[in-house]
Amino acid sequence: QVQLVESGGGLVQPGGSLRLSCAAAGSVTKIEYMAWYRQAPGNHRDLVATAYTDGSPEYVESVKGRFTISRDNTKNTVTLEMNSLKPEDTAVYYCHAALFGGIDGVQYLELWGQGTPVTVSS
């Protein structure tokens with residue numbers, strides 16, 4: 001069994017910083033990518049940033065220059081450093097990963113974390 005476990009998030013003032021972390025726990029053979037999505041109340045769940053095992057990270061335009069996604073391949077973790085936060089960044093943030101793992105090690109899985117709320121408000 002493989003699952004994504006998130007940590008971080010919370011309440012921060014505009015202009016502040018937060019760090020989100022996500023770990024793929026369980027039997028993981030290979031991770032294709034890990035990403036962060038966010039969903040504000042009444043909105044769809046939107047992609048924020050993606051960290052590929054092979055390739056450069058990608059960001060949605062609205063967070064470029066403010067957010068940084070990084071991975072630790074030895075620990076199967078992904079981190080989202082969020083700086084210069086704005087009220088419009090307020091949302092529930094979800095970790096997402098595509099990987100091979102499971103009991104036999106070759107099962108392709110697309111997983112979601114439980115979500116962690118981020119509130120940017122004065």
Side-chain angles (χ1 to χ4, degrees):
Q1 188 76 2
V2 183
Q3 59 180 347
L4 300 180
V5 180
E6 301 173 10
S7 61
L11 173 64
V12 65
Q13 292 185 344
S17 299
L18 280 175
R19 182 183 189 188
L20 306 181
S21 296
C22 172
S27 179
V28 176
T29 303
K30 178 185 177 183
I31 296 177
E32 297 290 295
Y33 65 82
M34 299 186 81
W36 287 96
Y37 283 71
R38 65 187 178 186
Q39 186 170 16
N43 288 2
H44 297 292
R45 189 174 298 186
D46 296 321
L47 179 63
V48 176
T50 305
Y52 298 95
T53 297
D54 300 311
S56 301
E58 295 179 351
Y59 301 90
V60 67
E61 192 64 34
S62 61
V63 307
K64 285 182 179 178
R66 301 189 298 123
F67 291 12
T68 302
I69 190 170
S70 59
R71 283 186 42 195
D72 184 335
N73 294 326
T74 64
K75 299 179 180 178
N76 292 332
T77 60
V78 64
T79 298
L80 186 68
E81 297 278 0
M82 304 184 293
N83 299 312
S84 302
L85 282 161
K86 304 175 181 180
E88 50 264 43
D89 294 318
T90 295
V92 177
Y93 283 70
Y94 295 90
C95 179
H96 176 61
L99 55 87
F100 291 91
I103 295 176
D104 57 6
V106 298
Q107 186 179 6
Y108 180 75
L109 303 169
E110 291 195 12
L111 304 174
W112 291 93
Q114 76 277 14
T116 185
V118 171
T119 303
V120 184
S121 175
S122 55

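Along the sequence shown, residues are numbered consecutively beginning with 1.
Environment of CD in Glu88: crowded, with over 12 heavy atoms of neighbouring residues, nucleotides or ligands closer than 6.0 Å.
How far CG of Asn43 is from CZ of Arg38: 10.0 Å, rounded to the nearest 0.5 Å. Taking CZ of Phe67 as the start and OG of Ser17 as the end, the distance is 9.5 Å to the nearest 0.5 Å. Atom CD1 in Ile31 sits 4.0 Å away from atom CG in Asn76 (nearest 0.5 Å). One finds the CG atom of Leu18 at 9.5 Å from the CD atom of Glu81 (value rounded to the nearest 0.5 Å). The CG atom of Asp89 sits 12.5 Å away from the OG atom of Ser121 when rounded to the nearest 0.5 Å. Between atom CE of residue Met82 and atom OG1 of residue Thr68 there is a gap of 11.0 Å, rounded to the nearest 0.5 Å.
With a 4.5 Å cut-off on side-chain heavy atoms, Leu80 and Val78 do not count as touching. Between Tyr52 and Glu58, some side-chain heavy-atom pair lies under the 4.5 Å cut-off.
Heavy atoms only, all atoms of each residue included: Ser21 and Thr79 are closest at OG-OG1, 3.8 Å. Nearest heavy-atom pair, Glu32 versus Arg71, reported as atom, atom and distance to 0.1 Å: O-NH1, 4.2 Å. The two residues Ala91 and Ala40 make their nearest non-hydrogen contact at CB-N, 3.8 Å. Between Ala35 and Thr50, the closest heavy-atom pair is CB-OG1, 3.8 Å. In terms of heavy-atom proximity, Trp36 sits nearest to Cys22 at CZ2-CB, 3.7 Å. In this structure, Pro14 and Ser122 approach most closely via the heavy-atom pair CD-N, 3.7 Å.
Taking the six-membered ring for Trp and thresholds of 30 and 60 degrees, His96 and Tyr33 have ring planes inclined between 30 and 60 degrees apart.
A single hydrophobic cluster is not seen to contain both Tyr94 and Leu109; linkage of ILVMFWY side chains at heavy-atom distances under 4.5 Å, directly or through other members, places them apart. Cluster annotation: Val92 and Trp112 are assigned to the same hydrophobic cluster (Ile/Leu/Val/Met/Phe/Trp/Tyr, side-chain heavy-atom contacts under 4.5 Å, transitive). A single hydrophobic cluster is not seen to contain both Tyr37 and Leu99; linkage of ILVMFWY side chains at heavy-atom distances under 4.5 Å, directly or through other members, places them apart.
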Before giving the answer on side chain to side chain contact (heavy atoms under 4.5 Å, CB included), spell out for Val60 and Asp46 the whole-Å C-alpha distance, their side-chain angles and the decisive distance to 0.1 Å.
CA-CA 9 Å; Val60 67; Asp46 296 321; over 6 Å; no

